[in-house]
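Contents: one structure, followed by commentary.
For clarity, every value in this text was computed on a predicted model and none was experimentally measured. Below, read A as the first sequence line, B as the second, and so on, with proteins coming before strands; counting in each chain starts at 1.
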Amino acid sequence: MSHHVFDSQASLRISQLTTGYQRRMIFDQLDLPPLPAGSLVGVLGPNAVGKSTFLKAIAGMRPAKGDIHLGELALSSLHGANRMRHVGYLPQTLPQPTSLVAYEAVASACRAARAELSREATDSLVEQVFARLSLHSLAFRRMDTLSGGQRQMVGLAQALVRQPQLLLLDEPTSALDLRWQLALIEGVRGVVQEQQAICLIALHDINLALRFCDQIILFAPSGLLATGAPREVITAEHLREAYGIEARIESCSLGHPVVLTDRVADSAHADIGHITRDAGARR
Amino acid sequence: MILAALSLALLLAILGDIMTGPADLALSDLLGELINPGSHGPINEAIVWQIRLPTAVMAALVGAALGLAGAEMQTVLNNALASPFTLGVGAAATLGASLVIILDVALPGLPPSYTIALMAFVFAALSILAIDAVASLYGASREVIVLFGIALVFVLNAVNALVQFVASPDALQQLVFWTMGSLSEASWERVAIIASVLVVCLPFAMRRAWALTALRAGEDHARSFGVPVTRLRRTALLRVSLLAAVAVAFVGTIGFIGLVGPHMARLALGEDHRFYLPGSALAGALVLSLAATASESLVPGLVLPVGIVTSLIGIPCFLALLLGQRRGQG
């Protein structure tokens with residue numbers, strides 16, 4: 001039984017994506033260029049532009065119209081467990097602190113919607129993901145004794161364990177320290193390349209995205225601003241328009257580009273009220 | 001292992017329960033009678049087979065039903081305070097049953113005890129539907145569900161009090177005794193009904209054990225694994241109303257078993273629902289069995305209502321257990 005198709009054509013194509021809330025349309029007929037298999041795609045943008053909504057709409061966790069194709073598979077026509085068989089979605093919230101041990105939590109994520117998996121197959125999948133993320137030391141600790149960051153890593157393991165073709169991670173680094181941020185990104189990169197999966201990852205750390213992502217999707221308050229290779233998307237001009245900040249992109253001593261933020265852009269003061277009002281309207 | 005130990009403890013508790021009662025019965029006589037019915041004279045045979053055994057088995061089954069109901073409820077509502085009696089399901093079942101007793105409702109072709117059970121179930125199911133609607137609208141967040149459940153308990157208790165206020169003295173006496181929780185009305189017929197409800201509910205719950213375990217990560221997380229959370233919650237709550245209704249209909253109000261059973265199981269077994277669900281049922285059965293024994297032996301010659309004993313003895317033990325555990329962690 002193969003969990004994933006090694007098909008170089010299995011790109012993610014999103015077209016005419018429309019979703020929003022009762023009072024406010026978030027995306028209207030959004031079209032994106034195809035995202036090739038094996039790529040790690042950073043989803044960037046300021047607060048309340050709809051990064052979470054975007055990921056939830058693709059995951060099928062909220063109502064949306066439009067076409068989403070994963071290779072030959074029409075993802076947008078699948079629902080519930082059938083859709084989630086191909087998608088690993090990690091919500092922004094951390095897994096709850098329960099009396100389950102981490103191993104049980106990850107095994108249940110694997111078996112919950114796939115009763116047909118044997119005990120051996122489950123154990124092997126769980127084993128692989130714990131090895132991949134170097135979480136062995138946490139395996140038999142109760143979730144309510146783990147720190148927020150550790151629980152976030154267990155949450156990631158829950159999303160990865162079923163080896164889905166499409167990974168949607170909503171700010172998976174929010175509770176992680178520097179070392180675990182790197183461990184997470186490297187772990188995810190490894191999975192994406194080995195399984196020729198596609199990962200969309202919402203991030204706040206622009207430098208992390210610049211350094212590790214293959215592609216960037218940048219949202220501004222006005223909507224989709226740019227997509228493409230990190231060096232092309234992350235420019236001073238785009239950052240000013242998306243985040244309302246003045247920033248420089250410089251080379252570090254290893255030759256990698258680094259974003260240095262200086263101050264809030266002059267024209268951005270009016271936007272802050274706009275952003276907080278929108279954030280309020282979303283909940 | 002722990003499940004086996006729980007089962008053994010339950011078996012011993014049931015034996016102890018059978019041994020205690022107004023008439024003395026030695027263990028050897030009891031065992032002899034159980035193995036070889038009628039061998040110790042017709043009086044012992046009647047005491048064991050017609051009175052003690054159905055009562056003891058009933059206590060264990062009702063405890064199991066309430067323990068299982070509490071466990072499922074706590075998981076699908078994501079709330080350690082959920083149980084049939086803390087969120088108004090018990091009170092609703094009580095109201096349904098009270099109405100039958102007070103109004104002397106008779107459904108054609110149905111004996112009174114079945115009518116009571118049926119109406120208890122209908123009312124319990126209605127309260128469950130309300131809780132499910134609230135959970136769907138606002139998400140199963142802790143505060144809203146608990147506030148709604150508490151409001152439901154108060155409203156239903158007020159209506160129950162109103163029903164008792166207008167009741168005739170005869171019906172009132174029956175009601176009051178019944179709201180204290182009593183095993184004295186046990187019969188093999190009732191044992192069979194509760195047993196069949198358990199036999200139906202437990203396997204269905206066990207089939208969803210993985211999904212229920214996954215739900216402990218949180219509603220969003222469970223959805224992202226492909227768990228149909230809304231349907232899972234609805235079917236689990238339907239089982240809860242069935243379990244709570246038969247328990248309430250046949251033995252009256254025995255609170256806290258549905259709260260204590262799952263907590264004991266969680267402390268002993270953790271929350272992998274393959275073990276947690278049967279563990280909660282066993283723990284509930286064990287606690288009610290012990291409470292039944294205590295209710296027969298605390299005051300010599302008098303059987304206290306078991307509901308009172310459960311609360312008075314069970315709660316301090318439960319608190320000691322819980323607080324001890326918390327301190328151990330800290």
Residues 83-92 of chain B, side-chain donor-acceptor partners within the protein, below 3.5 Å, at least two apart:
unit_1  : atom_1 : unit_2  : atom_2 : d
B:Ser83 : OG     : B:Phe85 : N      : 3.4
B:Ser83 : OG     : B:Thr86 : N      : 3.3
B:Ser83 : OG     : B:Thr86 : OG1    : 3.0
B:Thr86 : OG1    : B:Leu81 : O      : 2.7
B:Thr86 : OG1    : B:Ser83 : N      : 3.0
B:Thr86 : OG1    : B:Ser83 : O      : 3.2

TODO: Using non-hydrogen atoms and a 4.5 Å limit, figure out which bit of B:Arg231 sits close to chain A: side chain, backbone, both or neither.
DONE: neither

Task: Pairing of A:Glu194 and A:Arg132 as salt bridge, 4.0 angstrom limit - done: yes

Open item on the list: Given heavy-atom pairs under 4.5 angstrom as the criterion, report whether the side chain, backbone, both or neither of A:Leu168 touches chain B.
Closed with: neither

Task: Part of A:Ala109 lying under 4.5 Å from any heavy atom of chain B - done: both

TODO: Pick whichever of B:Ala217, B:Gly218, B:Pro228, B:Ala222 has the most heavy-atom pairs under 4.5 Å with chain A.
DONE: B:Ala217

TODO: Return yes if some donor-acceptor pair links the side-chain N/O of B:Glu271 with the main-chain N/O of A:Ser99 below 3.5 Å, else return no.
DONE: yes

Task: side-chain contact (heavy atoms from CB on, under 4.5 Å) partner of A:Leu73, chosen from A:Leu78, A:Ile68, A:Leu166 - done: A:Leu78

- [ ] Using a cut-off of under 4.5 Å on heavy-atom pairs, state which of A:Ala81, A:Ala159, A:Pro95, A:Ala105 scores highest against chain B.
- [x] A:Pro95

- [ ] Look only at the side chain of B:His221 and the backbone of A:Gln158, and say whether a donor-acceptor pair between them is shorter than 3.5 Å.
- [x] no

Open item on the list: For the interface with chain B, which of A:His79, A:Arg83, A:Met61 has the highest count of heavy-atom pairs at distances below 4.5 Å?
Closed with: A:Met61

Task: Residue part contacting chain B, namely of A:Val154, when any heavy atom lies under 4.5 Å - done: neither

Open item on the list: Strictly below 4.0 Å, N to O, side chains only: are A:Asp170 and A:Lys51 in salt-bridge contact?
Closed with: no

